[in-house]
Visitor: 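Submitted below is the structure of interest, expressed as structure tokens.
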Amino acid sequence: MEIPKPSEDDKQFFRSLIADDSEVEIKPMFGNLGAFVHGNMFAGLFGSAVGVRLAESDARELEAVDGTGPFGPEGHAMAGYISLPSAWRGDASQAASWVDKARDHVGTLPPKVKKPKKR
């Protein structure tokens with residue numbers, strides 16, 4: 001499975017969608033980026049695609065928008081994540097509003113417990 005690499009413009013666009021929040025951490029993931037709150041990912045960058053994890057009602061609303069789709073490798077999409085339409089690259093405020101909804105939703109989930117490192 002080949003993992004697409006985002007351009008610097010893709011990374012900058014992704015970072016621009018993430019509101020300044022002391023509880024949010026943006027971390028590299030397999031050459032891409034993920035945005036986490038309390039250890040749980042709420043938004044990710046896969047190549048040039050931005051994906052979000054939403055509450056069920058918001059996910060249904062977003063899935064009805066043209067240009068959305070599965071997020072992640074073809075045939076191995078990440079369950080629970082939806083890619084934002086690529087056309088929204090020209091309207092960062094629209095994309096950012098969905099990223100904010102994802103952050104709000106994932107922020108209600110229990111914090112992820114770090115697994116102890118194997119020796």
Side-chain angles (χ1 to χ4, degrees):
M1 170 176 33
E2 191 170 325
I3 297 179
K5 302 294 183 213
S7 69
E8 287 305 315
D9 285 344
D10 295 331
K11 290 177 184 181
Q12 184 56 38
F13 177 71
F14 179 76
R15 286 185 182 103
S16 78
L17 301 177
I18 311 299
D20 189 25
D21 183 334
S22 62
E23 295 183 327
V24 171
E25 183 178 10
I26 298 175
K27 301 191 288 191
M29 291 183 51
F30 310 106
N32 289 279
L33 296 173
F36 297 80
V37 61
H38 307 139
N40 295 303
M41 190 169 93
F42 65 91
L45 180 65
F46 188 74
S48 62
V50 174
V52 292
R53 180 177 178 187
L54 297 165
E56 195 172 313
S57 60
D58 288 332
R60 282 194 304 271
E61 182 181 343
L62 182 58
E63 287 171 333
V65 174
D66 282 343
T68 61
F71 178 71
E74 191 172 329
H76 300 284
M78 293 178 65
Y81 290 82
I82 302 166
S83 286
L84 300 179
S86 60
W88 288 1
R89 292 284 298 240
D91 184 1
S93 64
Q94 190 169 15
S97 71
W98 286 97
V99 171
D100 288 345
K101 287 181 183 189
R103 190 266 177 250
D104 292 345
H105 166 64
V106 174
T108 67
L109 301 176
K112 192 159 199 167
V113 178
K114 290 186 178 184
K115 297 176 185 174
K117 292 185 178 183
K118 295 181 181 178
R119 293 185 174 207

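All values below were derived from every heavy atom in this structure, side-chain atoms included, with hydrogens, water molecules and symmetry-related copies excluded.
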Visitor: In chain order, what residues pass the salt bridge (Lys or Arg N to Asp or Glu O under 4.0 Å) check against Asp104, with sequence neighbours excluded?
Guide: none
Visitor: Report yes or no: do Trp88 and Val50 belong to one cluster of Ile/Leu/Val/Met/Phe/Trp/Tyr joined by side chain heavy-atom distances under 4.5 Å?
Guide: yes
Visitor: Enter the distance from Leu54:CG to Glu63:CD here, rounded to the nearest 0.5 Å.
Guide: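 Between atom CG of Leu54 and atom CD of Glu63 there are 9.0 Å.
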Visitor: Mind checking the CZ-CG spacing from Phe71 to Leu45? Nearest 0.5 Å is all I need.
Guide: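 So the gap between those two atoms works out to 6.5 Å.
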Visitor: Out of curiosity, does Ile82 fall in the hydrophobic cluster containing Leu33 (side-chain heavy atoms, cut-off under 4.5 Å, transitive links)?
Guide: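 Yes, Leu33 and Ile82 fall within the same hydrophobic cluster.
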Visitor: Which atoms form the tightest heavy-atom contact between Val52 and Ala102, and what is the distance?
Guide: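 The answer is CB-CB, 3.8 Å.
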Visitor: In chain order, what residues pass the side-chain hydrogen bond (donor to acceptor under 3.5 Å, both in side chains) check against Asp58, with sequence neighbours excluded?
Guide: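 Residues passing side-chain hydrogen bond (donor to acceptor under 3.5 Å, both in side chains) with Asp58: none at all.
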Visitor: With sequence neighbours excluded, what pairs up with Arg15 under the salt bridge (Lys or Arg N to Asp or Glu O under 4.0 Å) test?
Guide: none
Visitor: Can Ser7 and Asp10 be counted as having a side-chain donor-acceptor contact under 3.5 angstrom?
Guide: yes
Visitor: When you measure from the side chain of Ser83 to the backbone N and O of Pro70, does any donor-acceptor pair fall under 3.5 Å?
Guide: yes
Visitor: Test of understanding: clusters of I, L, V, M, F, W, Y form through side-chain heavy atoms closer than 4.5 Å, transitively. Do Tyr81 and Leu84 belong to the same one?
Guide: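 No, Tyr81 and Leu84 fall in different hydrophobic clusters.
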Visitor: Checking Lys101 now: which residues fulfil salt bridge (Lys or Arg N to Asp or Glu O under 4.0 Å) with it, not counting sequence neighbours?
Guide: none
Visitor: Supply the atom-to-atom distance Phe36 CZ to Glu23 CD, rounded to the nearest 0.5 angstrom.
Guide: 15.5 Å
Visitor: Check whether Asn32 reaches the backbone of Gly47 with its side chain - one donor and one acceptor, N or O, closer than 3.5 Å.
Guide: yes
Visitor: Using every non-hydrogen atom in the two residues, find where Ala19 and Asp100 come nearest and quote the distance to one decimal.
Guide: CB-OD1, 4.0 Å
Visitor: Can you measure from CZ (Phe14) to OG (Ser48) and round to the nearest 0.5 angstrom?
Guide: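 Output value for this atom pair is 13.0 Å.
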Visitor: Side chains of Asp21 and Val37: does their closest heavy-atom pair fall under 4.5 Å?
Guide: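 No. Closest side-chain heavy atoms not under 4.5 Å.
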Visitor: With sequence neighbours left out, what residues match Thr108 under side-chain hydrogen bond (donor to acceptor under 3.5 Å, both in side chains)?
Guide: none
Visitor: For the residue pair Leu17 and Ala95, what are the closest heavy atoms and their distance?
Guide: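 Distance-wise, the nearest heavy atoms are CD2-CB, 3.8 Å.
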Visitor: Between Ile18 and Phe42, is any pair of side-chain heavy atoms under 4.5 Å apart?
Guide: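 Answer yes - side chains close enough.
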Visitor: Within a 6.0 Å radius of atom NZ on Lys112, are there more than 12 heavy atoms belonging to other residues, nucleotides or ligands?
Guide: no
Visitor: Are Met41 and Ile26 co-members of a hydrophobic cluster defined by side-chain heavy atoms under 4.5 Å apart?
Guide: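 No: no chain of side-chain contacts under 4.5 Å links Ile26 to Met41.
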Visitor: The criterion is side chain to side chain contact (heavy atoms under 4.5 Å, CB included); which residues satisfy it with Lys115, sequence neighbours excluded?
Guide: none
Visitor: Once rounded to the nearest 0.5 Å, what's the spacing between atom NZ of Lys5 and atom CZ of Phe30?
Guide: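 Here the interatomic distance stands at 9.5 Å.
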Visitor: Would you say Trp98 ends up clustered with Leu109 if hydrophobic residues are merged whenever their side chains have heavy atoms under 4.5 Å apart, either directly or through other cluster members?
Guide: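 Yes.
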